[in-house]
Every structure is written in structure tokens, then in C-alpha cells.
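Structure first, commentary second.
Just so we're clear, the structure is a prediction, and the values are computed from it rather than from any experiment. The first residue in the sequence is number 1, and the count goes up from there.
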Amino acid sequence: MQYQYPSWSVFLFKRFDFISDFRRDDEELKLSFGRSNYIMPISKLPRDIDITKGVFWTDITLEANEQRFTFRILNRHLPDQFKNVYREHVTDWYREKADKIRPKLLKLYEEVRVFLLPTQYIRTSTFKEFMKDKQDIKLNIAWMYEFCSDDDSETLKKLQKFFEDPFHSFEKANERFIEVERKRYESVISSLNESQQKACIINDDTNIVLAGAGTGKTKTLEVRTNYLIQSGRYEPKEILLIAFGNDAKEELIARVGKPNKVQAVTFHGFGRAIVEGKLGRKVYPDEIAKDEKKLRKFVDDEVQRLLNEDDQFVDLTITYFDDFLFPYKNPFEFESLGEYYEYIKTNEIRAFSTDTVRSYEEVNIANFLYRNGIKFDYERLYPGDISKSGFPDYHPDFYLPEYDIYIEHFGVNEDLIAPKYMKPERYKAGIFKKRQIHDDNGTDLIETFSYMQSQGTLLKHLKEELIKRNVVFKPIPKDEYLDDLKELGAIRKLAELAANAIKLTRTMNHNVETLRASLEASGNMSLLAAVDVLAPLLNHYESYLEDQGTVDFNTMINDAIGIIKSPNFDCPYKVIMVDEYQDMSGPRADILMALQERDPELVIYGVGDDRQAIFRFTGADLSLTYDFFKEFGAGKKESLDETYRFNDKVNKVATRFITENELQNKKEFKATPVNDARVHIVKTSEKEQEETINAVIDWIGENYGACSILLLNRYLYKKPSYLSELKRNCKTKGIKLDFNTCHASKGKEADFVIMMDMEKGKNGFPSEKISHPLIEFLLPKLESFKYAEERRLFYVALTRTKERVFILSNEENCSEFVKEIRKYGKKYIDESTIEPSLLALNVTDELCPKCDTGRIVKRGKGGFFSTCSNDPQCDYTINYCKRCAGPRKRVGEVYVCMDETCKTKTPACPNCDGDLRPTSGKNGPYWGCYKGWQNCKGSQNWSIYIDDPDVFLEE
Ligand SMILES: Nc1ncnc2c1ncn2[C@@H]1O[C@H](COP(=O)(O)OP(=O)(O)OP(=O)(O)O)[C@@H](O)[C@H]1O
């Protein structure tokens, strides 16, 4: 339709700017207004236009290509008609366009519909391939609906929705597929719950099922294997199951492999089979690669040989021990004196010549003096006058009797500030008092400081000071020093370290050169001394394997990767399923990646639990679980939501404990509710543990009858010597008792768990052993959360139970973990079902006021005095009233019992804080200090107290 002008208006064209022409020309609208011509692409124009009518004139606005064009016409010039004509031209254009596009879109919709049909699990790669040529499609097609039939409109709406978020539609399609499959294969998967069924059916390129203990991960693997075969998707020979250890493999074979005729292997076995397949002959892993003890012996023998025959190795070893005799930690890193004492005790930091040195730095000084043949006494009583100092007695750290020189080591920084837990103000005042004592008495004092140790100048400074005083250095011969190192156990530990480092260097695919290079690159220069000692041992190991014609697991895995990457390798598997995926290590993941690269169709499926990752010490890297998709490419993650093994009370304790570490999976699982607490802390002591285990077994026997018990220990060497007796005792009650380490208990379950030896320390739980910095360097990075790995191990141990866990707590040396779960309250933690042992009763809940972490332990038959549980490092003692064992306080020269009905007095030592006791000497009875054994000579005249009826006399 053309815009029709009124015939009379023509004359106006000559006087005003009027529309002289307005029509559509294919894709454009053409408008002549006044003397100007406008061409506007219809695709850029709005469907309608605005007109604003005035009394005589109408304003018409057109916008196209970001240009705005407004013109004014007389109302008589029929603006409405103009508007209609405009609308008609544009609508025609859209209609024609819709007619052209509609069939293409309907075809596209059909393609999408068929793609999303629930006939298969759509893999991420398939989805990406499908979307490859559709990435740029942005469907703005709402305008089309008016030109389509109702049916077509509905279809187009669905298509538009798909392109708004294709990934969502893809996920929905897979959900529909899962629903269809659940119904279709109900008979195959009905033993699983809903979340397990989902996890069973997913089949993306990469799949990870992460779930907590007892949620049926292995069961899901079992049923999934059956489902994949029953549904005809895969043949048994196309499926491979992989476990980490031999025990786990055997379990996988029994539960999953055999019933489905599917192969189950370990990673090492898999690598070996690939290598043997290629070579057409058997390869043999060497005994020293298979057996840790044999490797230790192998390395130990070589260390001994080198120390006897190779001077250069001897020098390297001695240099190594200058820095690494004991694991060093700066005293300022500790929170309390107790923590510092625990570090000394735990790491068995002691000097060659004496057992009593209190700090790491003092040990260093003692060993330096010893190595240089300088005689010394440690903490000998100072004989000079100390009366002005206010000290009851004074024991300088070191005294060199041949030279009459004293050495004091002060635990302070450059500003003479001690760590907080040392009461810095008092400590600083003490430094000045000690200096004053030496000044007053004219004795020679050498001072050393903590900050010197951190700066690496401690021994240099000491040496300079000693040389200034003409002290003669007579270094003990190397042989003698080596003997001392042997006696201290340091050479044995070096061989142990080397064996471990050789294993890890191989596992992590390092050699001496790459190790040195990465230490240098990361600025770990001090560790180069350790690598210098390691190098000849590692070379010996490698040439031994070569000479024997044998291999280790690292060779098998690396060779297997090489073969997989070679052109002729043909992988028979289409699905690889890994149990306990959280134990994955870098080289093992490399095998899977090499297979995946070879065949992009390969499905990788892992089931695991990040809470049960406890094998970092073998090279397992939890980041491979957290970053699963980053490593293997995009895929599907599922989790299981119900635990079948244990009740809600065990579940609550285990979940709360493990999720203290923010990084762990936070998911809560459903569990069967019970009313009472099912985690029991049983108070006992080291000496009474056997008795306590029997008490627990008796209680279980009486209350439950026939059942199974898993007795767990953090360490294999702590396996009870009386285990067979325990087993016999259990048998008579119809109870099956097994012993396991916590590590070996993974994957196992029993009605009851008894965790023995829960205590603090290097060989406690958590283990407070500081691992060597070289080992830490070789291992995958650990989260910074304190005891993260030990926490997971405790979680594994707790979650082996079906009914109850009994934690045997050595109260004299209480574990951090026990202290922590104690705080969960009576609803979850029970402490009264099993009676505490007698010695355990002596341990009070009171914390030591001196070191802050030890607990006060009542000692002596009547409990008349207490010590700190960090004894002997912490020397805190407190005496109670000798008559009633009540608290007392010092009043002048006597201690007075604060109990109003007792009020007994005990004479106090005038020289120290000890009690005086009736003593007989040459000249008859007198009051002598109890601390005579500590060289205190404090005494009082017998006659002073003898007539006072309140003074305690019995002894
Ligand atoms: N759907 C289910 N119904 C009943 N019992 C189940 C179900 N799923 C698993 N179980 C049972 O729960 C227990 C734990 O299962 P499974 O060993 O497969 O768990 P898991 O997750 O592998 O455990 P963990 O990680 O602690 O080794 C087994 O006794 C198993 O038979």
C-alpha cells in the first residue's frame, strides 16, 4: 500500500517540507520529505512509530541505526494513515522473514529434541560436539509467534528456552534419562537408594562420586558394574576396576569383579601387565621395591659401607648432621611452654652427653662443646653469693670447669623479649639479675641468644667467644663422633630417611638432578646437604636394579605410560572405574590421562571420600580429588546421602570432627537415629590398658553377646603382645576380635571399635612426629590445617563401627583429639559406661599453671603432692597438706593448711620453695629440705618448731 495524499495538498509541497513519497523497497523503507530522501533498513526499524498530535501539526519520530529523525506534518496531512502504512510495510517484512526462518527453526528444534531424548546418558563431550556449530545462536524470536500457528509457537518457545541455557537442558535431559533407566532396570539396581542409583547410572566422560564412610560407595560400584553389563552398554571385558592396594583389589574382585566376570587390578598390576604385554615376557619387581623392611636393610647396609670406606661420604654425613640432627622449630612458634616441652619430648631432642637439656638450642650448644672436646657441667648450682638477686638458688646453663667459664643461653629475640609463654617481663628482669650476679662475683659469663639460632650464627658466636678466652678445641675424632651419632640413633634415622626419600623420589618421578634443581628453584638451599647424602644411595639403588634386571613400581608405571602413548597401543577398556579415588597419586593419574588421550571415548569413573584420604605419605595427592575435573576434563559429580554402617550419634561426632577442617566435604549424611551416646571415652593409663580392654570386652559381651570387634591402634608396633589371649577371651563370649592399624582398617567394618593407645606425642594419636623437611618437600602439598591427615585417620577409625566406639584414653598423657571430642557434650560422648582405671583417676582436669598444657597429676600414696603431666620437661610440683591432702599456703617460714579443721603447719625451706622434713644428722635431729636431692642445702634448727602442736611431725 502506498501513502495516499489528499489531492488539495499538492500545492502545499511548494511552500512547506512535506512527505512527497513513502514506500517499501524490498528490505528498505524510502521516504522523501521536503527536499531530502531517507532510506531506512526495515530490520533496524521498530514495529510501530510514535506520533504526537498537536492542534494543527503532528510530530512523527523514526529511529533507525541509532539515528533519530523527527518531522512535522499538518494534521490534515493524515498522520494516522501514515502510521498505518508504516506498520503495514514493516509487518509485511517481518511476516516474510518469519515464513523464511520458521522451517529452519522447526528443523533445529527437531534436532535438539532428538538429541535430548532420554535414550542415552549424554556425555559432556557429546554435548559440546552438538553445540559446536550452535555456540553463536541467540534466539530473539518472540516477534515470530504472531506469524506462526499455535503449535509452531509452542515449539519455537521451547527452542528459545533451550538456547537460553543449553547446559541446563542437557543436565535435565540426563536427569530424565536417569529416571527412565531407574524404572527400566529396577530389578538390577533396586538394592540401592535413590542417590546411589543416580551415581550408578551416570556415564559422563569423567565421573566422580564423593561420599562419606559407609554410604555404599563400593556397593554402588558393585551394582553399577552389573547395570552396565545388564543394560547391554558394555561387555564385561570392556570394563576395568582399579584399586590401590592388594587387599582392596582382592575385596573388589570378591565383591564386584568375580560376580560380573570383570577384571580388577591395582595400578601397579595394570602397569606391569601393559609392560609385559609389550615385551612379551614377565617383568619382576625387585624385593627391595616390594618390601619396605628389605629396602631399609639395603640402604642401611650401603650407609654402613660408605661410612666405613668413603671419606667423602663421611664428610657429607657430618655436614648434614650440623643442621639436621633434630628437627628445628623456632621457640617463638609455640603457644605455651608446655607445647615447647612436648616438641622436645616428642622429637627426642637430647644431647650426646646428657639427657636433661631443656631446649633445642641448648642441645646444640651441648653438642658443639662435646664435639670440640670441651668439658662442661649442665645446670650446676652456682656457688657464689646470690643473695642480692632474690633467687632461692641459681643454676647457670653451662659451666666449663677447666676454664671457670659460665654460658647462659637466653631464649629471646634481639630486643631481649622472650616468647609470650615465658613471661617476657620476668624473663628479661632475670637476664639482668644473672648478669649482676656474675658482675658481683667476678665470674666470666658468655651469653648466647635464641635469635642467633634463627640467624644461623649461634655456634659461630659461641666459638668466637671461646677462642677469645683461649679455650682449646680438641675435636673428637670423626670415628668417635660417628659412633656417638650411631649411639644416639642418628645414623639409623638417616638410613630410614634415605630409604623413604629413595622411594618417594622414584614415586614422584624425580632423580638427583631434578630434585636438586627444584630445591634450588624453591629456595630450599639447606636441604641440598640432605640430597648430597642421598645421591650416592639413590645411585646405588638404581644400579642395583639394573644389575639385577629387575624393576620397581615407578619403572613399571613410567614404562606403561610410554607404551600407552606409543602408536600401536590398543586399549581394550571402554570404562575404567577406580575405587578409593582419594588415594590417587600424580603418576597413577598420568596413566589414566594417557589412556584418555589415546581414546577420548574412554569413561573414567572414580568413587572416593576426601575425608578418608590417609595415604599422603605414599604420594597420594588429595588435590587430584578436589580438582578432578581440572585434571581430567569436565564431567559429572555425584554424592551419596545416607550412611548405612553407623547410627546418627557416631555420624554426628565423626562429621563434626572431620569438618573442623574447612576444606573437607561439608555434606551431612542421613543415619539411623539412636537415643544414647555411642562414642565412649574410657579413662585409662598406659600401664592399665590391657585391663581396660578386657573391661570393655566384658561389657560388650554382657550387653550384646555374639558380635564382632575391631581393635585399632595408630601404630603396628603397638599391636598388643597379649592379642591371642584377648582373642581367646572373646571367643568364649562368641565375639570375633580382629586387630588392625587405623590405616589398614580402611574399607573394613565391625559391630564395635576399640581404639587403643589414644595419647599424646610423637607416637601418639595424632602423631606429633615432625617429618623431615626433605620428605615434606617430596610429598604432595598438605593443607595448612593442623593435623589434617591425622584427623582424617581418626575419622576412618571412628567410622569402622556399626554400633559403638570405645576410645581408650591414656589420661596421664591425654590426646588432643580426645580433648576435642570431649567438648561435644554428654549427648554424643559418654564417659561413664566403663569405669576409669585407678591410675587414670589420679589425673585431674586442672591445667598446669607453669606450662599451660600439662594436666595436674596426683602422686604419692596419699596424693600429698602433684606434678605436671609434662614432667620431666615441666618441673612444676605442688605439695598439699601432709595430714589431710588439702590445699595450703606459705605464711612466712611455714606452709599452713587452709582447711579450718586441720590448719596443719609444715616448715618451709628458707632457700627454696620445698618443705622441710625431720632429718637426723651428726649433731642430732634438724629440719632438712626435701629437695636435698636437687642440691638444696636449706635447713632449720630442730628446736624452732618442736613445741608447736600444729607442726606436722609424722614421717
Ligand atoms: N542401599 C543400601 N541398603 C542397605 N545397605 C547398604 C546400602 N548401601 C550400602 N549398604 C551397606 O553399608 C555398608 C557399607 O557399604 P560400603 O562398604 O559399600 O560403603 P563405603 O562407602 O564403600 O564405605 P567406606 O568408605 O567406609 O569403606 C555395607 O555393609 C553395605 O552392604
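- The two residues Lys217 and Ala211 make their nearest non-hydrogen contact at NZ-O, 3.4 Å.
- With a 4.5 Å cut-off on side-chain heavy atoms, Ser191 and Lys219 count as touching.
- Close placement of the His743 and Phe617 rings is indicated, their centers lying within 6.0 Å of each other.
- Side-chain contact between Glu181 and Tyr121 is absent, with no heavy atoms from C-beta onward closer than 4.5 Å.
- Stacking of Lys132 on the aromatic ring of Phe130 is not recorded, the 6.0 Å distance cut-off and the 45° axial limit not both being met.
- Among pairs with a residue in residues 648-657, those fulfilling side chain to side chain donor-acceptor pair (under 3.5 Å) read Asn651-Thr655, at least two apart in sequence or across chains.
- Ion pairing between Arg113 and Glu110 holds under the 4.0 Å rule for side-chain N and carboxylate O.
- Lys637 forms no cation-pi arrangement with Phe629, by the criterion of a distance under 6.0 Å to the ring centre and an angle within 45° of the ring axis.
- Atom NZ of Lys746 is surrounded by more than 12 heavy atoms from other residues, nucleotides or ligands within 6.0 Å.
- Using a 4.5 Å cut-off on side-chain heavy atoms (C-beta onward), Ile658 and Phe794 make no contact.
- A salt bridge links Arg616 to Glu776: one of the charged nitrogens lies within less than 4.0 Å of a carboxylate oxygen.
- Taking the six-membered ring where tryptophan is involved, the planes of Tyr581 and Phe632 are perpendicular, since the angle between them exceeds 60° and thus also 30°.
- Because its NZ or CZ atom is not both nearer than 6.0 Å to the ring centre of Phe785 and within 45° of the ring axis, Arg791 does not count as a cation-pi partner of that residue.
- When all heavy atoms are compared, the tightest approach of Ser745 to Cys742 is OG-O, 2.7 Å.
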Which donor-acceptor pairs under 3.5 Å do side chains of residues 561-579 form with protein atoms, sequence neighbours excluded?
| unit_1 | atom_1 | unit_2 | atom_2 | d |
| --- | --- | --- | --- | --- |
| Ser566 | OG | Ile563 | O | 2.6 |
| Tyr573 | OH | Gln263 | OE1 | 2.6 |

Given ring pair (Phe, Tyr, Trp, His ring centres under 6.0 Å), test Phe267 with Phe270 step by step and report yes or no. CA-CA 5 Å; Phe267 271 98; Phe270 184 46; 7.4 Å; no

Determine whether Ser149 and Asp151 satisfy the following criterion, side chain to side chain donor-acceptor pair (under 3.5 Å), listing intermediate values before the conclusion. CA-CA 5 Å; Ser149 67; Asp151 283 357; 5.6 Å; no

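- Within 6.0 Å of NZ in Lys161 there are 12 or fewer heavy atoms belonging to other residues, nucleotides or ligands.
- The shortest distance between side-chain heavy atoms of Gln612 and Leu793 does not fall below 4.5 Å.
- Across Pro103 and Asp99, no two heavy atoms sit closer than the pair CD-O, 3.3 Å.
- With Phe657 as reference, Phe817 is the one residue of Phe817, Tyr795, Tyr787 to meet the ring-ring contact (aromatic ring centres under 6.0 Å, His included) rule.
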Please evaluate residues Val607 and Thr218 with respect to the criterion side chain to side chain contact (heavy atoms under 4.5 Å, CB included), reporting the C-alpha separation (whole Å), side-chain torsions for both, the decisive distance (0.1 Å), and the verdict. CA-CA 8 Å; Val607 294; Thr218 313; 5.9 Å; no

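- How far CD of Glu222 is from CG of Leu241: 10.5 Å, rounded to the nearest 0.5 Å.
- Between Asn207 and Phe628 the shortest side-chain heavy-atom distance does not fall below 4.5 Å.
- Considering CZ of Arg182 and SG of Cys200, their distance stands at 10.5 Å, rounded to 0.5 Å.
- Comment: Asp621 does not engage Arg588 in a salt bridge, judged by the lack of any side-chain N to carboxylate O separation of less than 4.0 angstrom.
- In this structure, Ile242 CD1 and Met584 CE are separated by 7.5 Å, a value rounded to the nearest 0.5 Å.
- Summarising the local packing, CG of Asp133 is surrounded by more than 12 heavy atoms from other residues, nucleotides or ligands at distances under 6.0 Å.
- Counting heavy-atom neighbours within 6.0 Å of Gln135 CD, excluding the residue itself, gives a total above 12.
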Could you walk me through whether His268 and Lys249 pass the side chain to side chain contact (heavy atoms under 4.5 Å, CB included) test, one step at a time? CA-CA 11 Å; His268 291 144; Lys249 178 193 80 179; over 6 Å; no

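- For Glu27, there are no salt bridge (charged side-chain N to carboxylate O under 4.0 Å, His left out) partners, not counting sequence neighbours.
- Once rounded to the nearest 0.5 Å, the distance linking CD of Glu129 with CD1 of Ile122 reads 13.5 Å.
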Check step by step if side chain to side chain donor-acceptor pair (under 3.5 Å) holds for Asp204 and Thr124. CA-CA 6 Å; Asp204 213 319; Thr124 304; 2.9 Å; yes

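- Remark: Arg678 fails to qualify as a cation-pi partner of Phe646 under the 6.0 Å distance and 45° angle criteria applied to the six-membered ring.
- Annotation: Asp247, atom CG; neighbour count of heavy atoms from other residues, nucleotides and ligands within 6.0 Å does not exceed 12.
- Cation-pi geometry between Arg224 and Tyr605 is met: the NZ or CZ atom falls under 6.0 Å from the ring centre, inside 45° of the normal.
- The line from CG of Asp205 to OG1 of Thr126 is 6.5 Å long, rounded to the nearest 0.5 Å.
- The number of heavy-atom neighbours closer than 6.0 Å to NZ of Lys104, taken from other residues, nucleotides and ligands shown, is 12 or below.
- Within a 6.0 Å radius of NZ in Lys278, other residues, nucleotides and ligands contribute 12 heavy atoms or fewer.
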